[in-house]
Amino acid sequence: MTGRGNARRFFCSRRRESVLILKGKNFVMKKVLIPTKLDAVASKMLAAQGYEVFQSAETPLAELAAAHPDAAVVIVRSEKVTPEIIDALPKLRLVVRAGAGYDNIDIVYARKKNIDVMNTPGANANGVAEEVVAMTLACFRHVVPADISVRAGRWEKKNFMGRELTKKTVGIVGLGNIGRLLAKRLQGFEPTLLGYDHFLAKQRAVNIGVRPVPLEQLFEESDVISLHVPGGPSTRNMVSTDLLSRMKDGALLINCSRYGVVDEEALAALKASGKKILYATDVHPKDAEGEKPSAAVADLMLPHLGANTREANFNAAKRAAEETIAYFDNGDTACVVNAQTPVGLNPMQLRLAKMLATLARLAGGRRAVRKARCTFSGSLREFRKWFSPKIQEGLLPDAETNLVPPQAELSLKEHGIDYAAREPLSGNVEEDSMTLEIVTDGEGGCRTTTVRGIVAEDAPIVSRIDGFRSLYFDLRGHLLFVRYADRPGVLARIASVLGDAEINIENIAAPIDHDVGETLAVIKTDKPVTADQVSAISTLVKAIDVFAVSF
(Lines give C-alpha, C1' and ligand atoms only; values in the text may rest on other atoms or scores of the structure.)
Protein backbone atom coordinates (compact mmCIF):
# COMPACT_ATOMS: atom_id res chain seq x y z
CA MET A 1 0.00 0.00 0.00
CA THR A 2 1.40 3.34 -1.04
CA GLY A 3 0.88 6.14 1.47
CA ARG A 4 0.26 9.83 0.88
CA GLY A 5 2.68 12.56 1.96
CA ASN A 6 4.39 11.71 5.24
CA ALA A 7 1.75 9.15 6.13
CA ARG A 8 2.26 6.45 8.74
CA ARG A 9 -0.40 3.75 8.93
CA PHE A 10 -1.80 2.42 12.20
CA PHE A 11 -5.04 0.89 13.45
CA CYS A 12 -7.32 2.64 15.87
CA SER A 13 -8.07 0.42 18.86
CA ARG A 14 -11.68 1.60 19.12
CA ARG A 15 -12.55 1.40 15.41
CA ARG A 16 -11.68 -1.19 12.78
CA GLU A 17 -10.76 1.47 10.26
CA SER A 18 -7.34 2.16 8.81
CA VAL A 19 -6.19 5.65 9.62
CA LEU A 20 -3.38 7.75 8.19
CA ILE A 21 -1.52 10.50 10.03
CA LEU A 22 -1.28 13.24 7.39
CA LYS A 23 0.91 16.13 8.47
CA GLY A 24 -0.68 16.32 11.87
CA LYS A 25 -4.30 15.43 11.02
CA ASN A 26 -6.17 12.14 10.95
CA PHE A 27 -7.45 10.75 7.64
CA VAL A 28 -9.74 7.71 7.65
CA MET A 29 -8.52 5.39 4.90
CA LYS A 30 -11.44 4.70 2.59
CA LYS A 31 -12.03 1.28 1.14
CA VAL A 32 -12.87 1.01 -2.57
CA LEU A 33 -14.44 -2.01 -4.28
CA ILE A 34 -13.92 -2.53 -8.04
CA PRO A 35 -15.78 -5.69 -9.11
CA THR A 36 -14.88 -5.38 -12.79
CA LYS A 37 -12.01 -5.63 -15.28
CA LEU A 38 -11.22 -1.94 -15.09
CA ASP A 39 -7.82 -0.66 -16.13
CA ALA A 40 -5.31 -0.83 -13.27
CA VAL A 41 -4.71 2.92 -13.48
CA ALA A 42 -7.73 3.46 -11.21
CA SER A 43 -6.48 1.23 -8.40
CA LYS A 44 -2.94 2.62 -8.72
CA MET A 45 -4.09 6.23 -8.55
CA LEU A 46 -6.36 5.55 -5.60
CA ALA A 47 -3.74 3.54 -3.70
CA ALA A 48 -1.21 6.32 -4.23
CA GLN A 49 -3.63 8.68 -2.50
CA GLY A 50 -4.11 6.40 0.51
CA TYR A 51 -7.24 4.47 -0.53
CA GLU A 52 -7.50 0.76 0.21
CA VAL A 53 -8.56 -0.88 -3.06
CA PHE A 54 -10.01 -4.34 -3.60
CA GLN A 55 -10.42 -5.19 -7.27
CA SER A 56 -11.58 -8.51 -8.69
CA ALA A 57 -13.31 -9.08 -12.01
CA GLU A 58 -14.00 -12.71 -11.07
CA THR A 59 -15.73 -12.03 -7.75
CA PRO A 60 -19.40 -10.97 -7.93
CA LEU A 61 -20.14 -7.61 -6.37
CA ALA A 62 -22.42 -9.20 -3.80
CA GLU A 63 -19.53 -11.37 -2.55
CA LEU A 64 -17.13 -8.43 -2.45
CA ALA A 65 -19.69 -6.41 -0.50
CA ALA A 66 -20.20 -9.24 1.97
CA ALA A 67 -16.44 -9.51 2.50
CA HIS A 68 -15.95 -5.73 2.82
CA PRO A 69 -19.08 -4.21 4.39
CA ASP A 70 -17.09 -1.13 5.45
CA ALA A 71 -16.42 -0.04 1.84
CA ALA A 72 -17.05 3.65 1.16
CA VAL A 73 -16.77 3.55 -2.65
CA VAL A 74 -17.85 1.17 -5.41
CA ILE A 75 -16.60 1.64 -9.00
CA VAL A 76 -18.45 -0.38 -11.64
CA ARG A 77 -18.80 -0.76 -15.40
CA SER A 78 -21.96 -2.73 -16.25
CA GLU A 79 -22.33 -4.47 -12.87
CA LYS A 80 -25.70 -3.81 -11.24
CA VAL A 81 -25.79 -1.81 -8.03
CA THR A 82 -29.13 -2.81 -6.52
CA PRO A 83 -30.83 -1.88 -3.24
CA GLU A 84 -29.56 -5.20 -1.86
CA ILE A 85 -25.97 -4.27 -2.69
CA ILE A 86 -26.44 -0.81 -1.20
CA ASP A 87 -27.93 -2.24 1.99
CA ALA A 88 -24.99 -4.62 2.30
CA LEU A 89 -22.62 -1.61 2.43
CA PRO A 90 -23.77 0.59 5.34
CA LYS A 91 -20.74 2.90 5.01
CA LEU A 92 -21.09 3.39 1.26
CA ARG A 93 -20.89 7.06 0.26
CA LEU A 94 -20.11 7.03 -3.46
CA VAL A 95 -20.81 4.85 -6.50
CA VAL A 96 -18.91 5.68 -9.71
CA ARG A 97 -20.01 4.34 -13.08
CA ALA A 98 -16.89 4.14 -15.27
CA GLY A 99 -18.81 5.15 -18.38
CA ALA A 100 -21.65 7.43 -19.41
CA GLY A 101 -24.86 5.44 -18.89
CA TYR A 102 -25.84 4.57 -15.34
CA ASP A 103 -29.10 2.64 -15.68
CA ASN A 104 -27.38 -0.33 -13.99
CA ILE A 105 -27.37 1.66 -10.73
CA ASP A 106 -30.48 2.30 -8.65
CA ILE A 107 -29.84 6.03 -8.31
CA VAL A 108 -33.16 6.71 -6.58
CA TYR A 109 -32.50 4.21 -3.80
CA ALA A 110 -28.92 5.47 -3.55
CA ARG A 111 -30.24 9.00 -3.00
CA LYS A 112 -32.58 7.74 -0.27
CA LYS A 113 -29.51 6.32 1.46
CA ASN A 114 -27.64 9.62 0.98
CA ILE A 115 -25.21 8.00 -1.47
CA ASP A 116 -23.92 10.01 -4.43
CA VAL A 117 -23.65 8.40 -7.87
CA MET A 118 -21.22 9.69 -10.50
CA ASN A 119 -20.49 8.82 -14.13
CA THR A 120 -17.62 9.58 -16.53
CA PRO A 121 -19.31 11.01 -19.65
CA GLY A 122 -17.25 11.20 -22.84
CA ALA A 123 -14.61 8.68 -21.79
CA ASN A 124 -15.89 6.07 -24.27
CA ALA A 125 -16.88 8.34 -27.18
CA ASN A 126 -13.88 7.68 -29.42
CA GLY A 127 -14.17 3.92 -28.96
CA VAL A 128 -17.75 3.99 -30.20
CA ALA A 129 -16.89 6.25 -33.16
CA GLU A 130 -14.12 3.89 -34.27
CA GLU A 131 -16.42 0.89 -33.85
CA VAL A 132 -18.84 2.45 -36.34
CA VAL A 133 -16.03 2.75 -38.89
CA ALA A 134 -15.03 -0.88 -38.24
CA MET A 135 -18.62 -2.12 -38.65
CA THR A 136 -19.02 -0.16 -41.87
CA LEU A 137 -15.88 -1.66 -43.41
CA ALA A 138 -16.77 -5.13 -42.16
CA CYS A 139 -20.21 -4.96 -43.80
CA PHE A 140 -19.02 -3.37 -47.05
CA ARG A 141 -16.17 -5.91 -47.46
CA HIS A 142 -17.98 -9.02 -46.09
CA VAL A 143 -15.19 -9.52 -43.56
CA VAL A 144 -17.01 -11.95 -41.24
CA PRO A 145 -18.63 -14.32 -43.78
CA ALA A 146 -15.47 -14.28 -45.95
CA ASP A 147 -13.35 -15.30 -42.95
CA ILE A 148 -15.75 -18.14 -42.12
CA SER A 149 -15.72 -19.28 -45.76
CA VAL A 150 -11.92 -19.40 -46.10
CA ARG A 151 -11.52 -21.18 -42.75
CA ALA A 152 -13.89 -23.83 -44.04
CA GLY A 153 -11.58 -24.41 -47.00
CA ARG A 154 -13.76 -22.71 -49.59
CA TRP A 155 -12.69 -20.09 -52.13
CA GLU A 156 -15.79 -17.98 -52.81
CA LYS A 157 -14.13 -14.74 -53.84
CA LYS A 158 -16.79 -13.96 -56.44
CA ASN A 159 -19.50 -14.13 -53.75
CA PHE A 160 -17.84 -11.42 -51.70
CA MET A 161 -17.75 -8.51 -54.12
CA GLY A 162 -17.65 -5.48 -51.84
CA ARG A 163 -17.97 -1.71 -51.86
CA GLU A 164 -15.60 1.07 -50.86
CA LEU A 165 -16.40 3.59 -48.16
CA THR A 166 -14.42 6.33 -49.90
CA LYS A 167 -16.55 9.19 -51.26
CA LYS A 168 -19.78 7.65 -49.95
CA THR A 169 -22.54 9.69 -48.28
CA VAL A 170 -22.69 9.07 -44.53
CA GLY A 171 -25.60 10.28 -42.42
CA ILE A 172 -25.02 10.86 -38.70
CA VAL A 173 -28.14 11.06 -36.55
CA GLY A 174 -27.19 12.83 -33.32
CA LEU A 175 -24.18 15.14 -33.29
CA GLY A 176 -23.14 14.86 -29.67
CA ASN A 177 -19.69 13.71 -28.53
CA ILE A 178 -19.78 10.45 -30.49
CA GLY A 179 -21.39 11.89 -33.61
CA ARG A 180 -18.86 14.71 -33.84
CA LEU A 181 -15.94 12.33 -33.32
CA LEU A 182 -17.33 10.00 -35.99
CA ALA A 183 -17.43 12.91 -38.44
CA LYS A 184 -13.78 13.61 -37.65
CA ARG A 185 -12.68 9.96 -37.96
CA LEU A 186 -14.38 9.61 -41.35
CA GLN A 187 -12.61 12.55 -42.96
CA GLY A 188 -9.88 10.37 -44.51
CA PHE A 189 -12.49 8.57 -46.59
CA GLU A 190 -13.48 11.85 -48.30
CA PRO A 191 -17.18 11.33 -47.57
CA THR A 192 -20.17 13.58 -47.98
CA LEU A 193 -21.36 13.96 -44.39
CA LEU A 194 -25.02 14.65 -43.65
CA GLY A 195 -26.16 15.31 -40.10
CA TYR A 196 -29.40 15.55 -38.20
CA ASP A 197 -29.62 17.04 -34.75
CA HIS A 198 -32.61 19.30 -34.25
CA PHE A 199 -30.93 21.13 -31.39
CA LEU A 200 -27.46 21.69 -32.83
CA ALA A 201 -26.76 25.04 -34.46
CA LYS A 202 -26.46 24.67 -38.24
CA GLN A 203 -23.22 26.61 -38.29
CA ARG A 204 -21.68 24.32 -35.67
CA ALA A 205 -22.57 21.32 -37.82
CA VAL A 206 -20.98 22.99 -40.83
CA ASN A 207 -17.87 23.75 -38.75
CA ILE A 208 -17.26 20.01 -38.22
CA GLY A 209 -17.78 19.24 -41.89
CA VAL A 210 -21.38 18.07 -41.68
CA ARG A 211 -24.23 19.38 -43.82
CA PRO A 212 -27.38 19.62 -41.65
CA VAL A 213 -30.47 18.19 -43.38
CA PRO A 214 -33.95 17.02 -42.36
CA LEU A 215 -34.09 13.47 -41.04
CA GLU A 216 -36.10 12.23 -44.02
CA GLN A 217 -33.54 13.61 -46.47
CA LEU A 218 -30.69 12.03 -44.53
CA PHE A 219 -32.30 8.58 -44.83
CA GLU A 220 -33.02 9.08 -48.53
CA GLU A 221 -29.53 10.18 -49.56
CA SER A 222 -27.13 8.27 -47.28
CA ASP A 223 -25.17 5.13 -48.14
CA VAL A 224 -24.40 4.66 -44.44
CA ILE A 225 -26.54 5.89 -41.53
CA SER A 226 -25.19 5.84 -37.97
CA LEU A 227 -27.45 6.44 -34.97
CA HIS A 228 -26.18 8.28 -31.88
CA VAL A 229 -29.26 9.35 -29.93
CA PRO A 230 -30.29 8.73 -26.32
CA GLY A 231 -32.68 5.95 -25.40
CA GLY A 232 -36.05 6.36 -23.73
CA PRO A 233 -39.65 7.06 -24.74
CA SER A 234 -38.74 10.03 -26.97
CA THR A 235 -36.64 7.86 -29.31
CA ARG A 236 -38.45 4.52 -28.98
CA ASN A 237 -38.95 3.13 -32.53
CA MET A 238 -37.69 6.46 -33.87
CA VAL A 239 -36.45 4.62 -36.97
CA SER A 240 -39.49 2.76 -38.26
CA THR A 241 -41.28 2.00 -41.53
CA ASP A 242 -41.37 5.54 -42.92
CA LEU A 243 -37.65 6.23 -42.52
CA LEU A 244 -36.54 2.69 -43.34
CA SER A 245 -38.53 2.66 -46.57
CA ARG A 246 -36.74 5.85 -47.66
CA MET A 247 -33.31 4.18 -47.54
CA LYS A 248 -31.43 3.34 -50.72
CA ASP A 249 -31.24 -0.32 -51.69
CA GLY A 250 -28.00 -1.65 -50.23
CA ALA A 251 -27.64 1.17 -47.71
CA LEU A 252 -26.25 0.33 -44.28
CA LEU A 253 -27.94 1.27 -40.99
CA ILE A 254 -25.77 1.11 -37.85
CA ASN A 255 -27.22 1.29 -34.35
CA CYS A 256 -24.64 1.84 -31.63
CA SER A 257 -26.94 4.05 -29.55
CA ARG A 258 -29.64 2.23 -27.58
CA TYR A 259 -31.76 -0.85 -28.18
CA GLY A 260 -35.28 0.15 -29.21
CA VAL A 261 -34.32 3.17 -31.31
CA VAL A 262 -34.76 0.97 -34.42
CA ASP A 263 -38.13 -0.71 -34.93
CA GLU A 264 -36.69 -4.11 -35.77
CA GLU A 265 -40.11 -5.62 -36.52
CA ALA A 266 -40.66 -2.95 -39.19
CA LEU A 267 -37.15 -3.63 -40.51
CA ALA A 268 -37.86 -7.37 -40.71
CA ALA A 269 -41.10 -6.72 -42.62
CA LEU A 270 -39.36 -4.49 -45.14
CA LYS A 271 -36.54 -6.98 -45.64
CA ALA A 272 -39.09 -9.75 -46.16
CA SER A 273 -40.79 -7.64 -48.81
CA GLY A 274 -37.53 -7.42 -50.77
CA LYS A 275 -36.08 -4.14 -49.48
CA LYS A 276 -32.29 -4.48 -49.49
CA ILE A 277 -31.04 -2.88 -46.25
CA LEU A 278 -27.92 -3.84 -44.33
CA TYR A 279 -28.25 -3.61 -40.56
CA ALA A 280 -25.44 -3.66 -38.00
CA THR A 281 -25.96 -3.33 -34.25
CA ASP A 282 -24.19 -3.76 -30.94
CA VAL A 283 -27.09 -2.88 -28.63
CA HIS A 284 -29.42 -5.44 -27.08
CA PRO A 285 -32.16 -5.58 -24.41
CA LYS A 286 -29.64 -7.04 -21.96
CA ASP A 287 -25.87 -7.19 -21.99
CA ALA A 288 -25.84 -10.88 -21.15
CA GLU A 289 -25.83 -14.36 -22.66
CA GLY A 290 -28.99 -15.55 -24.39
CA GLU A 291 -30.88 -15.20 -27.62
CA LYS A 292 -30.88 -11.73 -29.16
CA PRO A 293 -33.99 -10.43 -30.95
CA SER A 294 -31.78 -8.58 -33.47
CA ALA A 295 -30.46 -11.90 -34.80
CA ALA A 296 -33.42 -12.19 -37.16
CA VAL A 297 -32.63 -8.94 -38.98
CA ALA A 298 -28.99 -8.03 -38.30
CA ASP A 299 -26.28 -8.60 -40.91
CA LEU A 300 -23.64 -7.93 -38.26
CA MET A 301 -24.11 -8.20 -34.49
CA LEU A 302 -21.56 -7.39 -31.81
CA PRO A 303 -21.76 -7.74 -28.00
CA HIS A 304 -21.86 -4.01 -27.17
CA LEU A 305 -18.17 -3.48 -27.94
CA GLY A 306 -18.22 0.29 -28.40
CA ALA A 307 -16.47 1.12 -25.15
CA ASN A 308 -14.57 -2.17 -25.04
CA THR A 309 -11.14 -0.81 -25.94
CA ARG A 310 -8.02 -0.56 -23.83
CA GLU A 311 -7.97 3.18 -24.38
CA ALA A 312 -11.62 3.70 -23.41
CA ASN A 313 -11.13 1.45 -20.40
CA PHE A 314 -8.07 3.47 -19.39
CA ASN A 315 -9.87 6.80 -19.85
CA ALA A 316 -12.92 5.67 -17.88
CA ALA A 317 -10.77 4.19 -15.12
CA LYS A 318 -8.63 7.30 -14.85
CA ARG A 319 -11.70 9.56 -14.76
CA ALA A 320 -13.35 7.38 -12.13
CA ALA A 321 -10.28 7.61 -9.90
CA GLU A 322 -9.90 11.36 -10.43
CA GLU A 323 -13.56 11.97 -9.60
CA THR A 324 -13.34 9.81 -6.46
CA ILE A 325 -10.27 11.64 -5.19
CA ALA A 326 -11.74 15.07 -5.98
CA TYR A 327 -15.00 14.10 -4.29
CA PHE A 328 -13.38 13.23 -0.96
CA ASP A 329 -10.49 15.70 -1.04
CA ASN A 330 -12.27 18.77 -2.39
CA GLY A 331 -15.96 18.02 -2.05
CA ASP A 332 -16.27 18.09 -5.86
CA THR A 333 -19.76 16.89 -6.83
CA ALA A 334 -19.73 18.16 -10.43
CA CYS A 335 -20.36 14.68 -11.88
CA VAL A 336 -22.99 13.52 -9.38
CA VAL A 337 -26.02 12.31 -11.37
CA ASN A 338 -28.45 11.91 -8.48
CA ALA A 339 -27.86 15.25 -6.77
CA GLN A 340 -30.23 16.06 -3.94
CA THR A 341 -32.28 19.22 -4.03
CA PRO A 342 -30.67 21.66 -1.59
CA VAL A 343 -32.43 22.45 1.64
CA GLY A 344 -34.72 25.46 1.22
CA LEU A 345 -35.55 24.93 -2.46
CA ASN A 346 -39.12 23.86 -3.15
CA PRO A 347 -39.04 20.92 -5.64
CA MET A 348 -42.06 22.50 -7.35
CA GLN A 349 -39.79 25.38 -8.38
CA LEU A 350 -37.62 22.88 -10.28
CA ARG A 351 -40.72 21.42 -11.91
CA LEU A 352 -41.80 24.91 -12.89
CA ALA A 353 -38.42 25.57 -14.53
CA LYS A 354 -38.82 22.58 -16.85
CA MET A 355 -42.41 23.59 -17.65
CA LEU A 356 -41.39 27.16 -18.51
CA ALA A 357 -38.51 25.94 -20.69
CA THR A 358 -40.85 23.58 -22.53
CA LEU A 359 -43.42 26.33 -22.93
CA ALA A 360 -40.81 28.81 -24.20
CA ARG A 361 -39.60 26.30 -26.80
CA LEU A 362 -43.14 25.60 -28.01
CA ALA A 363 -44.23 29.24 -27.98
CA GLY A 364 -41.02 30.07 -29.84
CA GLY A 365 -42.25 28.12 -32.84
CA ARG A 366 -40.60 24.77 -32.04
CA ARG A 367 -37.45 26.04 -33.72
CA ALA A 368 -33.81 25.51 -32.76
CA VAL A 369 -32.92 27.42 -29.59
CA ARG A 370 -29.76 29.49 -29.82
CA LYS A 371 -29.76 31.56 -26.63
CA ALA A 372 -31.39 31.21 -23.22
CA ARG A 373 -31.30 33.73 -20.38
CA CYS A 374 -33.01 32.93 -17.10
CA THR A 375 -33.56 35.56 -14.42
CA PHE A 376 -34.21 34.38 -10.86
CA SER A 377 -35.76 36.75 -8.36
CA GLY A 378 -36.17 36.69 -4.60
CA SER A 379 -34.93 33.65 -2.73
CA LEU A 380 -34.45 31.73 -5.99
CA ARG A 381 -31.31 33.72 -6.72
CA GLU A 382 -29.18 31.64 -4.34
CA PHE A 383 -30.38 28.39 -5.94
CA ARG A 384 -30.05 29.41 -9.57
CA LYS A 385 -27.37 26.85 -10.51
CA TRP A 386 -29.78 24.04 -9.61
CA PHE A 387 -32.25 25.03 -12.32
CA SER A 388 -30.04 24.43 -15.36
CA PRO A 389 -30.77 20.65 -15.57
CA LYS A 390 -34.53 21.25 -15.69
CA ILE A 391 -34.15 24.08 -18.21
CA GLN A 392 -31.95 21.77 -20.32
CA GLU A 393 -34.62 19.05 -20.23
CA GLY A 394 -37.32 21.51 -21.30
CA LEU A 395 -35.30 23.06 -24.13
CA LEU A 396 -33.80 19.75 -25.31
CA PRO A 397 -36.51 17.08 -24.91
CA ASP A 398 -34.52 14.45 -26.86
CA ALA A 399 -31.21 15.01 -25.08
CA GLU A 400 -29.88 13.16 -22.04
CA THR A 401 -31.82 13.77 -18.82
CA ASN A 402 -31.07 13.66 -15.08
CA LEU A 403 -27.82 15.58 -15.45
CA VAL A 404 -26.12 17.58 -12.73
CA PRO A 405 -25.79 21.37 -13.27
CA PRO A 406 -22.32 21.38 -14.91
CA GLN A 407 -23.30 18.51 -17.23
CA ALA A 408 -26.60 20.22 -18.13
CA GLU A 409 -24.83 23.45 -18.98
CA LEU A 410 -22.29 21.52 -21.09
CA SER A 411 -25.16 19.77 -22.89
CA LEU A 412 -26.76 23.12 -23.67
CA LYS A 413 -23.45 24.40 -25.00
CA GLU A 414 -22.86 21.29 -27.10
CA HIS A 415 -26.29 21.76 -28.66
CA GLY A 416 -25.43 25.31 -29.63
CA ILE A 417 -27.36 27.08 -26.87
CA ASP A 418 -25.72 30.03 -25.13
CA TYR A 419 -27.15 29.74 -21.61
CA ALA A 420 -26.75 32.04 -18.63
CA ALA A 421 -28.51 32.70 -15.33
CA ARG A 422 -28.62 36.38 -14.44
CA GLU A 423 -29.66 38.88 -11.79
CA PRO A 424 -32.97 40.76 -12.16
CA LEU A 425 -32.58 44.13 -13.83
CA SER A 426 -35.05 45.89 -11.52
CA GLY A 427 -37.19 45.37 -8.47
CA ASN A 428 -40.41 45.24 -10.48
CA VAL A 429 -40.46 41.45 -10.85
CA GLU A 430 -42.59 39.18 -8.65
CA GLU A 431 -40.90 37.75 -5.57
CA ASP A 432 -39.49 34.25 -6.10
CA SER A 433 -40.24 34.32 -9.82
CA MET A 434 -38.22 33.08 -12.76
CA THR A 435 -38.19 34.62 -16.23
CA LEU A 436 -36.83 32.70 -19.20
CA GLU A 437 -35.99 34.48 -22.44
CA ILE A 438 -34.96 32.38 -25.42
CA VAL A 439 -33.84 33.25 -28.94
CA THR A 440 -34.66 30.78 -31.71
CA ASP A 441 -33.74 30.74 -35.36
CA GLY A 442 -35.40 29.32 -38.45
CA GLU A 443 -37.24 30.58 -41.49
CA GLY A 444 -37.70 34.32 -41.19
CA GLY A 445 -34.69 34.83 -38.95
CA CYS A 446 -34.35 35.03 -35.18
CA ARG A 447 -37.24 35.26 -32.74
CA THR A 448 -37.31 36.10 -29.04
CA THR A 449 -39.79 34.50 -26.67
CA THR A 450 -40.23 35.35 -22.99
CA VAL A 451 -42.06 33.39 -20.31
CA ARG A 452 -42.36 34.08 -16.60
CA GLY A 453 -43.67 31.93 -13.78
CA ILE A 454 -44.08 31.58 -10.04
CA VAL A 455 -45.09 28.92 -7.55
CA ALA A 456 -48.25 29.89 -5.68
CA GLU A 457 -49.95 27.59 -3.16
CA ASP A 458 -47.52 24.91 -4.35
CA ALA A 459 -48.87 25.17 -7.91
CA PRO A 460 -46.69 25.98 -10.96
CA ILE A 461 -48.11 29.17 -12.46
CA VAL A 462 -47.24 30.86 -15.76
CA SER A 463 -47.77 34.59 -15.30
CA ARG A 464 -46.57 35.89 -18.66
CA ILE A 465 -45.90 34.76 -22.23
CA ASP A 466 -44.36 37.49 -24.39
CA GLY A 467 -46.69 40.53 -24.26
CA PHE A 468 -49.54 38.53 -22.74
CA ARG A 469 -49.35 39.48 -19.09
CA SER A 470 -51.43 38.64 -16.03
CA LEU A 471 -52.04 35.06 -17.20
CA TYR A 472 -51.61 33.40 -13.78
CA PHE A 473 -52.53 29.99 -15.17
CA ASP A 474 -51.84 26.63 -13.47
CA LEU A 475 -49.63 24.61 -15.83
CA ARG A 476 -50.59 21.18 -14.52
CA GLY A 477 -52.77 19.11 -16.84
CA HIS A 478 -53.65 19.17 -20.54
CA LEU A 479 -53.23 22.62 -22.10
CA LEU A 480 -54.07 24.20 -25.45
CA PHE A 481 -52.49 27.50 -26.54
CA VAL A 482 -54.08 29.44 -29.40
CA ARG A 483 -52.66 32.78 -30.56
CA TYR A 484 -54.80 34.80 -32.98
CA ALA A 485 -55.68 38.29 -34.20
CA ASP A 486 -58.06 39.70 -31.60
CA ARG A 487 -61.71 39.63 -32.71
CA PRO A 488 -65.06 38.37 -31.36
CA GLY A 489 -66.28 34.80 -31.68
CA VAL A 490 -62.96 32.98 -31.79
CA LEU A 491 -63.26 31.31 -28.40
CA ALA A 492 -66.71 29.98 -29.36
CA ARG A 493 -65.25 28.37 -32.51
CA ILE A 494 -62.44 26.77 -30.50
CA ALA A 495 -64.97 25.47 -27.98
CA SER A 496 -67.07 23.97 -30.78
CA VAL A 497 -64.13 21.88 -32.06
CA LEU A 498 -63.36 20.67 -28.56
CA GLY A 499 -67.03 19.96 -27.87
CA ASP A 500 -67.40 17.92 -31.05
CA ALA A 501 -64.44 15.83 -29.85
CA GLU A 502 -66.10 15.43 -26.41
CA ILE A 503 -63.28 17.36 -24.77
CA ASN A 504 -64.38 19.38 -21.76
CA ILE A 505 -62.92 22.80 -20.96
CA GLU A 506 -61.83 23.01 -17.31
CA ASN A 507 -60.36 26.51 -17.30
CA ILE A 508 -59.58 29.32 -19.73
CA ALA A 509 -57.64 32.59 -19.82
CA ALA A 510 -57.49 34.91 -22.82
CA PRO A 511 -55.33 38.01 -22.24
CA ILE A 512 -54.90 40.56 -25.04
CA ASP A 513 -51.65 42.17 -26.13
CA HIS A 514 -53.05 45.55 -27.19
CA ASP A 515 -49.73 46.64 -28.66
CA VAL A 516 -50.01 44.06 -31.44
CA GLY A 517 -53.77 43.44 -31.39
CA GLU A 518 -53.49 39.74 -30.59
CA THR A 519 -55.11 37.39 -28.06
CA LEU A 520 -53.59 34.31 -26.46
CA ALA A 521 -56.17 31.75 -25.38
CA VAL A 522 -54.85 29.29 -22.80
CA ILE A 523 -57.33 26.46 -22.29
CA LYS A 524 -57.13 23.57 -19.82
CA THR A 525 -58.96 20.44 -20.98
CA ASP A 526 -59.91 17.15 -19.38
CA LYS A 527 -58.02 15.12 -21.98
CA PRO A 528 -55.17 15.78 -24.46
CA VAL A 529 -55.93 17.69 -27.64
CA THR A 530 -54.73 15.67 -30.64
CA ALA A 531 -52.61 16.90 -33.55
CA ASP A 532 -55.63 16.63 -35.89
CA GLN A 533 -57.73 18.75 -33.53
CA VAL A 534 -54.94 21.32 -33.25
CA SER A 535 -54.81 21.49 -37.05
CA ALA A 536 -58.60 21.88 -37.29
CA ILE A 537 -58.61 24.73 -34.75
CA SER A 538 -55.73 26.46 -36.50
CA THR A 539 -57.59 26.41 -39.83
CA LEU A 540 -60.96 27.36 -38.38
CA VAL A 541 -59.78 30.47 -36.50
CA LYS A 542 -56.88 31.38 -38.81
CA ALA A 543 -54.53 31.14 -35.84
CA ILE A 544 -51.11 32.72 -35.74
CA ASP A 545 -49.94 29.75 -33.70
CA VAL A 546 -51.53 26.73 -31.99
CA PHE A 547 -49.95 24.01 -29.87
CA ALA A 548 -51.00 21.56 -27.19
CA VAL A 549 -48.93 20.24 -24.30
CA SER A 550 -49.52 18.11 -21.21
CA PHE A 551 -47.62 18.53 -17.94
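Computed from a predicted model, the values in this text were never measured in an experiment. When reading the values below, keep in mind they use all heavy atoms of this one structure, side chains included, and skip hydrogens, waters and symmetry mates.
- Side-chain polar atoms of Ser550 and His478 form a donor-acceptor pair below 3.5 angstrom.
- In this structure, the side chains of Asp500 and Gln533 stay at 4.5 Å or more apart for every pair of heavy atoms.
- Considering only residues two or more places apart in sequence or on other chains, Asp106 meets the salt bridge (Lys or Arg N to Asp or Glu O under 4.0 Å) condition with none of them.
- Partner Glu221 forms a salt bridge (charged side-chain N to carboxylate O under 4.0 Å, His left out) with one of Lys168, Arg211, Lys248, Arg246 and no other, that one being Arg211.
- In summary, the side chains of Asp532 and Thr530 do not present any donor paired with an acceptor at a separation below 3.5 Å, with no hydrogens or angles considered.
- When each of Lys371, Lys413, Arg373 is tested with Asp418 by the rule side-chain hydrogen bond (donor to acceptor under 3.5 Å, both in side chains), just one qualifies, namely Arg373.
- Under the 6.0 Å cut-off for aromatic ring centres, Phe376 and Phe387 qualify, their centroids lying closer than that.
- Side-chain atoms of Glu264 and Tyr279 include a donor-acceptor pair closer than 3.5 Å.
- Residues Tyr484 and Leu491 form a side-chain contact, since some pair of their non-hydrogen atoms from C-beta on lies under 4.5 Å apart.
- If you check the side chains of Thr166 and Glu190, you find no donor sitting under 3.5 Å from an acceptor.
- There is no side-chain donor-acceptor pair under 3.5 Å between Arg319 and Thr120.
- For the pair Arg483 and Glu518, the salt-bridge criterion is met [side-chain N within less than 4.0 Å of a carboxylate O].
- For the residue pair Glu409 and Ser388, a side-chain donor N or O sits within less than 3.5 Å of a side-chain acceptor on the partner.
- The pair Glu506-Lys524 does not meet the salt-bridge criterion, since no charged nitrogen lies less than 4.0 angstrom from a carboxylate oxygen.
- For the residue pair Asn126 and Arg185, a side-chain donor N or O sits within less than 3.5 Å of a side-chain acceptor on the partner.
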Next on the checklist: side-chain contact (heavy atoms from CB on, under 4.5 Å) for Thr358 and Met355? Distances and angles first, verdict last.
Outcome noted: CA-CA 5 Å; Thr358 302; Met355 290 175 169; 5.8 Å; no
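- Residues Thr375 and Arg422 have side chains that bring a donor and an acceptor to within less than 3.5 angstrom of each other.
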